[in-house]
Amino acid sequence: EDNPGLINPESGFIATANYAPIYEGSHPMPGYYQASERYERIVELLTKKDDWSLSSMRTMQNDQFVQTASWMIPILLKNLKGSTPLEKDALSQLKNWKGKSGKDDIGSALYHLLSVSTLKNIVFDELGKERYKSFSRTADIWHFYKSILKKNDSSWWDDVKTTEKETASSIIQKSFEDSVKILGSK
């Protein structure tokens, strides 16, 4: 009776994507779960239409929309400024990016590289090379990133290996500059 499950839900579908299941039973559901964004996107797409074909299901399965971009991009942008022409162009690309991660989307490449760079610049000084490498291979690093972006006052933003006190703005800006250099060299 306490096993999780759905039978003929009102929505007309059951969606899953390796995230922590929505479960209101009396027993905990431990596990190592991925972020919920993919599940949220699948539900969003499934609720938009009722008539699915093989082709439209394939399109949904290959969907490349980044669910978190809608709230992360404004946070990142408020902490960024472009000093060089390349940085100004990169800022424009990021501002105009609509959240789709196609192979030719410069905004997508910048967003993802900026996320990885920001994460590394937040935790590398505390974790060191090996523990960072291990942490970066887990879904927990993405959960941490989503949380820390909303906490400007977290002590994680400070690089403990420097004498000055870094802030969310300075770490995000440094990460942006690093990302633009990397992309600009390609």
Side-chain angles (χ1 to χ4, degrees), residues 17-20 32-41 43-44 63-186:
N18 298 325
Y19 73 105
Y32 185 70
Y33 300 111
Q34 296 298 313
S36 63
E37 291 90 23
R38 183 69 182 140
Y39 164 78
E40 293 163 5
R41 179 64 174 166
V43 168
E44 177 186 333
D63 180 68
Q64 298 173 333
F65 184 76
V66 179
Q67 197 78 357
T68 53
S70 62
W71 67 267
M72 283 186 180
I73 293 292
I75 291 171
L76 295 169
L77 288 174
K78 79 176 183 178
N79 290 291
L80 297 176
K81 59 183 181 294
S83 302
T84 69
L86 192 56
E87 288 174 1
K88 289 176 183 174
D89 182 44
L91 268 178
S92 176
Q93 293 286 340
L94 199 55
K95 285 178 187 173
N96 294 317
W97 180 54
K98 303 296 183 216
K100 186 171 181 243
S101 287
K103 67 179 183 175
D104 296 324
D105 293 309
I106 296 169
S108 172
L110 182 57
Y111 169 79
H112 290 289
L113 185 56
L114 177 56
S115 295
V116 169
S117 182
T118 301
L119 269 163
K120 186 173 184 179
N121 284 326
I122 292 170
V123 300
F124 193 87
D125 56 308
E126 283 94 347
L127 299 182
K129 182 180 179 180
E130 289 307 312
R131 290 190 318 179
Y132 169 75
K133 189 174 168 182
S134 180
F135 185 43
S136 70
R137 292 180 179 150
T138 70
D140 291 335
I141 198 165
W142 185 248
H143 298 302
F144 172 80
Y145 184 60
K146 291 189 304 183
S147 174
I148 200 74
L149 273 183
K150 298 175 184 177
K151 297 176 183 171
N152 284 341
D153 59 345
S154 173
S155 61
W156 281 98
W157 291 105
D158 183 40
D159 183 341
V160 297
K161 296 189 177 194
T162 67
T163 55
E164 64 265 11
K165 182 170 173 69
E166 287 80 12
T167 63
S169 289
S170 64
I171 293 296
I172 292 170
Q173 181 64 36
K174 177 190 180 327
S175 302
F176 173 70
E177 292 167 5
D178 294 346
S179 299
V180 170
K181 281 180 192 167
I182 290 168
L183 289 176
S185 69
K186 302 292 178 198

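Along the sequence shown, the residues carry numbers beginning at 1.
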_Intermediate values then yes/no, side chain to side chain contact (heavy atoms under 4.5 Å, CB included), Val123 and Ile148_ = CA-CA 11 Å; Val123 300; Ile148 200 74; over 6 Å; no
*Stepwise, does the side chain to side chain contact (heavy atoms under 4.5 Å, CB included) test hold for Ile141 with Tyr132?*
CA-CA 9 Å; Ile141 198 165; Tyr132 169 75; 4.2 Å; yes
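Atom CG of Leu86 and atom CG of Leu91 lie 10.5 Å apart (nearest 0.5 Å). Ile122 contributes atom CD1, which lies 5.5 Å from atom CZ of Phe144 (distance to the nearest 0.5 angstrom). The OG1 atom of Thr118 lies 9.0 Å from the CG atom of Leu113; values are rounded to the nearest 0.5 Å. Between Phe65 atom CZ and Lys98 atom NZ the span is 10.5 Å, to the nearest 0.5 Å. For the atom pair Asn18 CG and Ser36 OG, the distance stands at 12.0 Å (nearest 0.5 Å). Rounded to the nearest 0.5 Å, atoms OG (Ser175) and CG (Leu76) are 9.5 Å apart.
Here the shortest heavy-atom pairing between Ile172 and Leu114 reads O-CD1, 4.0 Å. Residue Lys100 comes nearest to Asp105 through the heavy atom pair O-OD2, 3.0 Å, listed as atom of the first residue, atom of the second, then distance. Listed here is the closest heavy atom pair of Glu87 and Phe176: O-CZ, 3.5 Å. In this structure, His112 and Ser101 approach most closely via the heavy-atom pair NE2-OG, 3.2 Å. Residues Trp71 and Leu149 approach most closely at CZ3-CB, 4.4 Å, considering heavy atoms. The two residues Glu164 and Asp158 come nearest to each other via the heavy atoms O-OD1, 3.3 Å.
At a threshold of 4.5 Å between non-hydrogen side-chain atoms, the residues Trp97 and Leu110 do not count as touching. A heavy-atom distance below 4.5 Å is not found between the side chains of Trp156 and Ile171. Side-chain contact check for Ile106 versus Asp89: every heavy-atom pair is 4.5 Å or farther apart.
Checked for salt-bridge contact, Lys174 and Glu177 miss the test: no charged N lies under 4.0 Å from a carboxylate O. With respect to Lys146 and Glu37, a salt bridge is recorded, a charged nitrogen being found less than 4.0 Å from a carboxylate O.
Looking at Glu166, its side chain does come within 3.5 Å of a backbone N or O of Asp159 through a donor-acceptor pair. Panel note: side chain Arg41, backbone Gln64; no donor-acceptor pair is recorded below 3.5 Å. Ser154 contributes no side-chain N or O that, together with a main-chain N or O of Lys151, makes up a donor-acceptor pair within less than 3.5 Å. Judged by distance alone, the side chain of Ser147 and the main-chain N or O of His143 form no donor-acceptor pair under 3.5 Å. Judged by distance alone, with hydrogens and angles left aside, the side-chain atoms of Ser115 form a donor-acceptor pair with the main-chain N or O of Tyr111 at under 3.5 Å.
In this pair, Tyr39 and Tyr19 present their aromatic rings parallel. The plane angle is below 30°, not in the 30 to 60° band.
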